[in-house]
Amino acid sequence: MIVAIDGPAGSGKGTISKKLAEYFNLSYLDTGILYRAVALQMLTEGINEKDCRSAKKVARQVSITSIDHSGIRTRAVSDLASKIATISSVRKELLTRQRRFAQNPDPDKDGAILDGRDIGTVVCPNADFKLFIMAELEIRAKRRWKELLQSDPTVIYSEVLEEMRSRDERDTNRKDAPLVVTSDAMVIDTSNKSIDVSFNEAKNWILSRRF
Ligand code: CDP
């Protein structure tokens, strides 16, 4: 079985996806790490964000299994990831890897679960289950701000809020594979719900439609 999870930053989709992966015995891929890996490599090499040819070359070299997770969660990487995610040639490179992952889960698993922005629309349009996880912008920004405070006590909430607003705008307004709610997706608003309540909602929805 294939589960597609989409939603904006800070909606809780990553945590819910991991819990669903464990419950249903699925291979899990956070597709955002691919875009983040490209962004980090570009920052390291000093490549200009508008240099589409170089961005594509970097994307071609990204391999899911060898991504170094340290340093990919910074604000600079988040910002650049959403910028290079608007480049179609970058998306095309990363799409093949994501589809391969979805179609070839580990042999001991019962399928795959992928989370991102375009999983239900582009990566796995035929997924058995599609979920859209959302929350109000201010609540999502507050969650991200609290996360960032753990490594940097000087982080300012209003800046995190503005960065998230810009990222939302880029992700929803880009031409190629924008973040959209599709009519076949189950929408969960986590604004005023705990992770456990949101997870149970997702899990029970899948169970109720599984057979
Ligand atoms: O963790 P967070 O929700 O903040 O972001 P992420 O899922 O790691 O994704 C980082 C950026 O990559 C997003 O802002 C998107 O612009 C881009 N992305 C995308 O375009 N398509 C995906 N399937 C996943 C991420």
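When a residue number appears, it is its place in the shown sequence, counting from 1.
Taking both residues in full, the closest heavy atoms of Thr190 and Arg143 are given as O-NH2, 2.7 Å, listed atom of the first, atom of the second, then distance. Here the closest heavy-atom approach between residue Phe129 and residue Arg209 is recorded as CE2-CB, 4.0 Å. In terms of heavy atoms, Ala112 sits closest to Leu114 at CB-CD1, 4.1 Å. The minimum heavy-atom distance linking Leu40 with Gly71 is given by the pair CD1-O, 3.8 Å.
Asp176 and Ser88 share a side-chain donor-acceptor pair at under 3.5 Å. No hydrogens or angles considered: a donor-acceptor pair under 3.5 Å links the side chains of Asp68 and Ser70. Judged by distance alone, the side chains of Arg140 and Ser11 never bring a donor and an acceptor atom under 3.5 Å apart.
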Practice task
Output, in order, the C-alpha distance, side-chain angles, deciding distance and verdict of salt bridge (charged side-chain N to carboxylate O under 4.0 Å, His left out) for Lys13 and Asp30.
Solution key: CA-CA 9 Å; Lys13 64 182 187 308; Asp30 165 3; over 6 Å; no
Problem - Arg36 vs Ser78, side chain to side chain donor-acceptor pair (under 3.5 Å): CA-CA, chis, key distance, verdict - result: CA-CA 7 Å; Arg36 286 175 180 275; Ser78 301; 3.1 Å; yes
Handout entry: Residues Arg144, Glu163; criterion salt bridge (charged side-chain N to carboxylate O under 4.0 Å, His left out); working and verdict
Key = CA-CA 11 Å; Arg144 189 53 53 96; Glu163 284 164 11; over 6 Å; no
Exercise for the section: Go through Ser191 and Asp189 one step at a time and tell me if the side chain to side chain donor-acceptor pair (under 3.5 Å) criterion holds. Expected result: CA-CA 6 Å; Ser191 299; Asp189 183 344; 2.6 Å; yes
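Taking hydrophobic clusters as Ile, Leu, Val, Met, Phe, Trp and Tyr residues chained together by side-chain heavy-atom distances below 4.5 Å, Ile16 shares a cluster with Leu26. Each of Val3 and Ile64 belongs to its own hydrophobic cluster when Ile, Leu, Val, Met, Phe, Trp and Tyr are linked at side-chain heavy-atom distances under 4.5 angstrom.
In this structure, CG in Asp115 is found 8.5 Å from CZ in Arg117, a value given to the nearest 0.5 Å. Distance CG/Leu179 to CD/Glu169: 13.0 Å, rounded to 0.5 Å. Annotation: the span from Asn200 atom CG to Lys193 atom NZ amounts to 11.5 Å, rounded to 0.5 Å. For the atom pair CD1 (Ile5) and CD1 (Ile188), the distance works out to 8.0 Å, reported to the nearest 0.5 Å. The structure places NE2 of His69 at 5.5 Å from CD1 of Ile72, a figure rounded to the nearest 0.5 Å. Taking OG of Ser166 as the reference point, atom CE of Met164 lies at 11.0 Å (rounded to 0.5 Å).
For the pair Lys18 and Tyr28, the NZ or CZ position fails the cation-pi test of under 6.0 Å to the six-membered ring centre and within 45 degrees of the ring normal.
For the pair Lys56 (side chain) and Val90 (backbone), a donor-acceptor distance under 3.5 Å is absent. Without hydrogens or angle criteria, Lys57 side chain to Cys52 main chain gives no donor-acceptor distance under 3.5 Å. With hydrogens and angles ignored, the 3.5 Å screen pairs a side-chain donor or acceptor of Ser27 with a backbone N or O of Asp106.
Side-chain contact check for Leu94 versus Val38: some heavy-atom pair is nearer than 4.5 Å.
A salt bridge links Asp118 with Arg91; the closest basic N to acidic carboxylate O contact falls under 4.0 Å.
Each of Arg99, Arg100, Gln98 was evaluated against Thr96; a single residue qualifies, Arg100, per the side-chain contact (heavy atoms from CB on, under 4.5 Å) test.
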